[in-house]
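Report on the following structure.
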Number of protein chains: 2
Amino acid sequence: MKASDNLFELNANKGTEPTGVRKKHDDLLVSLRRVIRAIDLHSKQLSKETGLTAPQMIVLQEIGAHDGVMVKDLAKLINLSSATVTSILDRLEARGYAVRLRSNHDKRKVDLHLTPEGRAAIKDAPTPLQSHFIRRFEALQEWEQTQLLSTMQRIAEMMDASEIDAAPVLDVGTLAQHSWAENSSR
Amino acid sequence: MKASDNLFELNANKGTEPTGVRKKHDDLLVSLRRVIRAIDLHSKQLSKETGLTAPQMIVLQEIGAHDGVMVKDLAKLINLSSATVTSILDRLEARGYAVRLRSNHDKRKVDLHLTPEGRAAIKDAPTPLQSHFIRRFEALQEWEQTQLLSTMQRIAEMMDASEIDAAPVLDVGTLAQHSWAENSSR
DNA sequence: ATAATAAGATTAGAATACGAATTAATTGAG
DNA sequence: CTCAATTAATTCGTATTCTAATCTTATTAT
């Protein structure tokens, strides 16, 4: 557990906190950024191997699962803005993995479909997570997997800007019921 | 009656897996991406309020904590590539928050310093995490905070490409010994 | 029927982020 | 001492991501 930690030792908050107290949420951010970077690096690695980045793959998979979906709904489905999806679609369409079809009923809408190439691409695509991570993750006990997952979901929820933000007093109980399916033991 | 109302059901279980088995690591990736997005959105929000994005703030803080640090070491400290740091520094220097000084001994190196403006900027800067997240986080029990943090660190470690799975030695010990609702020692 | 408004997609512009290629400076081998 | 290798920083090209602005189409109100 020490191998990579030495880099971050230096990271201790010198000047910013007068108290010198190391905040847990600062450490949390450090880990988060490490994870973000790992995901990004893997996406770029993927791109070199398969020609598709992780976001491109996700878009493709989602179109595959919802043929004819429109841009706005796809964006909502994968939690990105429409603008972002548009730019990803540009590349996907240029390479012949997906097609845009203007809807007949409502010409504002664009219906998305996969080409045969697109279908082939997601058939044998690796997941957008590092395979060595998946191996390690699946080697864990079931309850540990559940625990990791539910912790992540909890953090995601705590960060969601939408929430009852203005609530002056924090009651953890109220957050838990908002919008996630609870299959977890917790 | 809006079109978006039924989106969440679509989201539940989709056909990417022929078996219909929803993998936990897929859900994990979804939460991770949600968190990544929340952090990014907050960074952009910050930028509108304070004129500094989260990465810019982090760079500034780190220079403040290690006056005269060189680009390469700074990059390692905050887990970014030198190229990225260079481009962040461009903006920071252009706005007069930081200065580059070519080292005397070794003219390849660049020593980084804060200007008075830069020092002022980090003095009253909010943390690069959503304040409502921090509020919620700090409202948690100590052991819960520790638990969230250590889960994140664990995921970060599992994703680190470095230690390739030659030894799938999971140092599970830390988590396994106290059951989920137990206080941890650190 | 026409004007105002809304909705969907795209474009524009900015920031972050990477690896690869490049430039400049230092070091090391012969 | 000289030339090759190495190192530090930057530049270049590409991708992701956002908000705001814009364009086209549809709906609503006057």
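Fair warning: this is a prediction, and the values are worked out from it, not measured in the lab. Lettering follows sequence order; numbering is per chain, from 1.
- Rounded to whole Å, atom C1' of C/dA15 lies 13 Å from atom CG of B/Leu41.
- For A/Arg136 and B/Glu157, the salt-bridge test fails: no basic side-chain N is under 4.0 Å from an acidic carboxylate O.
- Contact annotation: A/Arg102 side-chain N/O to C/dT10 OP1/OP2 distance is not under 4.0 Å.
- Closest to the side chain of B/Ile88, from the set C/dG8, C/dA17, C/dC18, is C/dA17.
- We find that A/Lys24 and B/Glu138 are not joined by a salt bridge, their nearest charged nitrogen and carboxylate oxygen being 4.0 Å or further apart.
- At whole-Å resolution of the value, CD1 in B/Ile58 and P in C/dT16 are 10 Å apart.
- A search for side-chain hydrogen bond (donor to acceptor under 3.5 Å, both in side chains) contacts involving A/Arg33 returns nothing, not counting sequence neighbours.
- Distances shorter than 4.0 Å separate none of the side-chain N or O atoms of B/Arg37 from OP1 or OP2 on C/dT16.
- Using a 4.0 Å cut-off between charged nitrogen and carboxylate oxygen, A/Lys23 and A/Asp27 do not count as a salt-bridge pair.
- OP1 or OP2 of C/dA20 sits under 4.0 Å from a side-chain N or O of A/Lys48.
- Remark: C1' of C/dA6 and NZ of A/Lys109 are 13 Å apart, rounded to the nearest angstrom.
- The residue A/His105 sits close only to the backbone: its heavy atoms come under 4.0 Å of sugar-phosphate atoms, none of a base.
- A straight line from CD1 of B/Ile78 to C1' of C/dT16 spans 12 Å, rounded to a whole angstrom.
- In the hydrophobic cluster analysis, where Ile, Leu, Val, Met, Phe, Trp and Tyr join through side-chain heavy atoms closer than 4.5 angstrom, B/Met70 is grouped apart from B/Ile58.
- In this structure, B/Glu117 and B/Gly96 approach most closely via the heavy-atom pair OE1-O, 3.4 Å.
- Within the 4.0 angstrom heavy-atom criterion, base atoms lie near B/Lys44.
- Look at CG on A/Leu80: it is 15 Å from C1' on C/dA9, rounded to the nearest Å.
- A salt bridge does not link A/Asp73 with A/Lys109: none of the charged nitrogens is closer than 4.0 Å to a carboxylate oxygen.
- Proximity of B/Gln56 to the phosphate of C/dT16: a side-chain N or O atom is located under 4.0 Å from OP1 or OP2.
- Counting only heavy atoms from C-beta on, B/Arg95 has its side chain closest to C/dA15 among C/dA20, C/dA15, C/dA9.
- In this model, a donor atom of one side chain and an acceptor atom of the other lie less than 3.5 Å apart for A/Ser87 and A/Arg91.
- The footprint of chain B on DNA chain D, defined by a heavy-atom cutoff below 4.0 Å, extends from D/dT7 to D/dA20.
- For the OP1/OP2 pair of C/dT10 and a distance below 4.0 Å, the side-chain nitrogens and oxygens of A/Arg108 include no atom meeting the criterion.
- Using a 4.0 Å heavy-atom cutoff across all strands shown, A/Ser43 reaches no nucleic acid atom at all.
- The 5' end of DNA chain C is approached more closely, in terms of each residue's nearest nucleotide, by A/Val85 than by the other of B/Ser47 and A/Val85.
- In this structure, B/Thr84 reaches the C/dC18 phosphate: one of its side-chain N or O atoms is under 4.0 Å from OP1 or OP2.
- When the C1' atom of C/dG8 is taken as reference, atom CZ of A/Arg100 falls 13 Å away, rounded to whole Å.
- Comparing A/Ser87 and B/Asp40 by the nucleotide of DNA chain C whose heavy atom lies nearest to each, the residue mapping closer to the 5' end is A/Ser87.
- Of the two residues near DNA chain D, B/Ala83 and A/Lys107, the one whose nearest nucleotide lies more 5' is B/Ala83.
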